[in-house]
There are 4 protein chains.
Amino acid sequence: MARGRKVNSNGEKSMKLLREKAIEIFSEYGYFQTKISDIVKAANVTQPTFYLYFESKETLYKEIITEFKFNLEEIFDDTVNEYEHHQDSKVTIQVLLTRIFNYFALNPHLTKIGLTESDMSLNGILSQKFKNICEKFVSNFLNNEIASHIFVQSLIGSVERVSLSALLEENMKPEKLAEEIVNIYFSREEATVSI
Amino acid sequence: MARGRKVNSNGEKSMKLLREKAIEIFSEYGYFQTKISDIVKAANVTQPTFYLYFESKETLYKEIITEFKFNLEEIFDDTVNEYEHHQDSKVTIQVLLTRIFNYFALNPHLTKIGLTESDMSLNGILSQKFKNICEKFVSNFLNNEIASHIFVQSLIGSVERVSLSALLEENMKPEKLAEEIVNIYFSREEATVSI
Amino acid sequence: MARGRKVNSNGEKSMKLLREKAIEIFSEYGYFQTKISDIVKAANVTQPTFYLYFESKETLYKEIITEFKFNLEEIFDDTVNEYEHHQDSKVTIQVLLTRIFNYFALNPHLTKIGLTESDMSLNGILSQKFKNICEKFVSNFLNNEIASHIFVQSLIGSVERVSLSALLEENMKPEKLAEEIVNIYFSREEATVSI
Amino acid sequence: MARGRKVNSNGEKSMKLLREKAIEIFSEYGYFQTKISDIVKAANVTQPTFYLYFESKETLYKEIITEFKFNLEEIFDDTVNEYEHHQDSKVTIQVLLTRIFNYFALNPHLTKIGLTESDMSLNGILSQKFKNICEKFVSNFLNNEIASHIFVQSLIGSVERVSLSALLEENMKPEKLAEEIVNIYFSREEATVSI
DNA sequence: TATGAATGAGCATTCATTCAT
DNA sequence: GATGAATGAATGCTCATTCAT
């Protein structure tokens, strides 16, 4: 049987395809129920080809998680920098959430992996960053440190669940979701902002 | 070790021990990384003993998930029945959350399994029930159906994340957590209740 | 839970019941697919009780095979003795086959085990005996040793298959079967005998 | 031994070797006493290699049985077609038996499996076909339906037993066996044919 | 660059058998 | 005479990974 390089084959392409298929399948079946054989079948290559581009199943998975985390932090940092001098943190947060939800909507499989992967979760990635942003706002009406800690965790939980359900499963609009969450968390006395 | 019955052995006890250890180990390592051999080692019995009491690894896991779900629904239904005629749904919810958090605190391993098991999640178990309770309250200040849907999902996400982090990892008090969550979600105009 | 001797229990009875059920189940499922747990379940006792009466699964099976073989040889020897001085071996054989088929019909399960158990088969049990009987008759029209050897094997094969199919599955009459077989094998020039 | 492809390894060859060894071992020890580990040891490969070529132990066994059955039916049908217009069915049967015995002699292990596997047996495979061929001949001297049914079963039993004993164990000649069987069953008035 | 062929290491499950009561 | 509880010893099968081509 013929062996060796496939006609029209192209390393860059194979690698990208493998990663894409891996993300799809990981997101659907989870790490342990995803077999290398499934991934390569979906990418229409053989198992050794997988190892041409990735060190191992675990490495690829970690790369994917890292990519998710990296993108998320980038969105976060960019937004914060941009809005650094904005006086109303509520606005910042609504913009931030809108961008995050938009990113999630554009990368549903990657997001499902990132949010489901319990060892990581948004909590690990964003807890401190959210804390910083919320601080100013929160200190206005929350009387103590503990309350604000819980406030942030609660917010993160909301974002996680709403992302998995309303956004990814029910296809609601990112903007709408961001607005509603901000409404819940940051509308004690004022009306919602519109951006 | 010789074959046959151990001195002072007792089936009821062995089964309970196996289930307990299984819950601990499942909660720490997850379904796929938990081996029957780990469970029986922890319970100090051999593998066939496991199959004396449980049909399979999968069956046991499902039993455990079902137990969690059942207890949670029971807490929910009992509380709702008890507070059926209470006029302030905020109070009902605060009591409910307090009880749920207390149950979680008493069953940390089981809770970790239940909340981590993505296929189920609180969402699946409690979404509709929470929706019913929140409805009255929510209609007061949320103008539409979609907003209230997101409100409920957000609340569930908050409970999930706060349970996993503040409650189980940081050992915060159930009462405190319930109070704070209610403060976030149900204190538009009024002050928090104390129970 | 209560342990110890069952009310009305009786060793002799348990043992007999176990053997009977074992024969039934062995005959239906074969040695390897029959589990001790099946046998004791059918006899409504527990596994250790089995070992009270039988050394092992294998021992019981061998006992059963031996019983079959013994009975068969007894029928054979009795008949041969009885008809020792009969001049027509055709008659002897028809009587013999009738008795064998009758025994098979009365012990269908045991027979199925005995005839299916390839390591034994009628061949091992009866080959030599049949040879002796047939000899006189055979020498009349078979010219050589080899032919008579095949003649006997063929006869045994016929008895085996007819027993398993026509007798045990289709419930044909033992007498009829014996007559037909004799017709096939011993009716060169003469008419069939009637007994 | 290192992992990965062996020097000069060749899938086709491995698969064939595995099947051959499987047939040998199945025929010697039977289905239940044959372990995958025995088969792969004999073929000098490891267990996963077995599963590279066969779905399961059971599947392979069934494939083997099917192969036996298929070959046998082919011999049968070819012969019958070839001798369709021959007037003497005795000749047809003698040719047929000769060919069957030759096939058995060339495939002793496969034959042992096929004839021992009680759920199938020649009876299941050939009963109806033999019935058709014998019909013409049988009607000449057998007065009724039942007698002819038993005649066919008897013939099949003869073929089975003679194959297992005289042919495979005692290495008698296929031609000789066919001749003798025909002599027994089809020589009422005439002499045996020689082919 | 890519594949055909193979393997190391592990894991869930089964079953005959045996002790302690 | 009989049982509840337990175990030793397999055994089929899977999967990530790796060599030779």
Side-chain angles (χ1 to χ4, degrees), chain A residues 1-15 32 34-38 40 45-53 55-58, chain B residues 1-15 32 34-38 40 45-53 55-58, chain C residues 1-15 32 34-38 40 45-53 55-58, chain D residues 1-15 32 35-38 40 45-58:
Chain A
M1 233 146 264
R3 230 170 289 162
R5 185 174 185 164
K6 254 196 212 160
V7 184
N8 282 332
S9 69
N10 173 296
E12 195 65 28
K13 220 172 65 189
S14 292
M15 176 166 169
F32 292 103
T34 296
K35 302 179 234 159
I36 301 289
S37 62
D38 297 334
V40 299
V45 298
T46 59
Q47 303 219 30
T49 300
F50 178 93
Y51 290 92
L52 217 55
Y53 301 110
E55 226 182 37
S56 70
K57 179 184 171 185
E58 201 189 343
Chain B
M1 211 169 285
R3 263 208 254 185
R5 183 176 193 158
K6 271 187 195 161
V7 183
N8 276 330
S9 69
N10 171 292
E12 197 69 26
K13 218 173 62 189
S14 294
M15 177 167 166
F32 292 103
T34 296
K35 319 295 174 197
I36 303 286
S37 62
D38 299 333
V40 298
V45 296
T46 58
Q47 301 224 31
T49 301
F50 179 92
Y51 291 92
L52 211 56
Y53 301 110
E55 229 183 36
S56 70
K57 177 183 164 183
E58 199 189 344
Chain C
M1 235 145 265
R3 229 169 291 164
R5 185 174 185 163
K6 255 196 214 161
V7 184
N8 283 332
S9 69
N10 173 295
E12 196 66 27
K13 219 171 63 188
S14 293
M15 176 165 169
F32 292 103
T34 296
K35 301 179 235 158
I36 302 288
S37 62
D38 297 334
V40 299
V45 298
T46 58
Q47 303 219 32
T49 300
F50 178 92
Y51 290 91
L52 218 55
Y53 300 111
E55 225 182 39
S56 70
K57 179 184 170 184
E58 200 188 344
Chain D
M1 211 168 287
R3 265 207 253 185
R5 183 176 194 159
K6 270 187 197 162
V7 184
N8 276 331
S9 69
N10 172 293
E12 198 68 27
K13 219 173 63 190
S14 295
M15 177 167 166
F32 293 104
K35 319 297 173 197
I36 303 287
S37 62
D38 299 333
V40 298
V45 295
T46 57
Q47 300 225 29
T49 300
F50 179 92
Y51 291 93
L52 210 56
Y53 300 110
F54 310 106
E55 229 182 38
S56 70
K57 178 183 166 183
E58 199 189 345

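Because only heavy atoms are used, hydrogens play no part in the values below, and waters and symmetry mates are left out as well, while side chains stay in. Each chain gets a letter, A, B and so on, in the order its sequence line appears, and its residues count up from 1.
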Heavy-atom closest pair, residues C:Thr46 and C:Val40: O-CG1, 3.8 Å

Distance check needed: F:dG4 P versus B:Met15 CE, whole Å only. 16 Å

For D:Thr49 and E:dA5, is the shortest distance between a side-chain N/O and OP1 or OP2 below 4.0 Å? no

Whole-Å distance, B:Tyr53 OH to F:dG4 P, equals 11 Å

D:Asn8 side, atom CG; D:Lys13 side, atom NZ - distance, nearest 0.5 Å: 6.5 Å

Exercise: identify the closest heavy-atom pair between B:Ser14 and B:Tyr53: CB-CE1, 4.0 Å

Check whether any side-chain N or O of D:Lys35 sits under 3.5 Å from a backbone N or O of D:Phe32 as a donor-acceptor pair, and report yes or no. yes

Does the side chain of A:Thr46 get closer than 4.0 angstrom to OP1 or OP2 of E:dT3 through an N or O atom? yes

Watson-Crick or G-U counterpart of F:dA20, or none if no pair lies under 3.5 Å: E:dT3

Correct closest heavy-atom pair for B:Ile36 and B:Gln47 would be CG2-OE1, 3.3 Å

Between E:dG10 atom P and B:Asp38 atom CG, what is the distance in whole Å? 13 Å

For nucleotides 14-21 of chain E, read 5' to 3', which letter fits each nucleotide if B means a protein heavy atom sits under 4.0 Å from the base, S means only the sugar-phosphate is that close, and - means neither? BBBBBBBB

Looking at C:Thr34, is its backbone amide N or carbonyl O close enough to the side chain of C:Lys57 to form a donor-acceptor pair, meaning the two atoms are under 3.5 Å apart? yes

Measuring to OP1 and OP2 of E:dA6, would you say a side-chain N or O of D:Ser14 lies under 4.0 angstrom away? yes

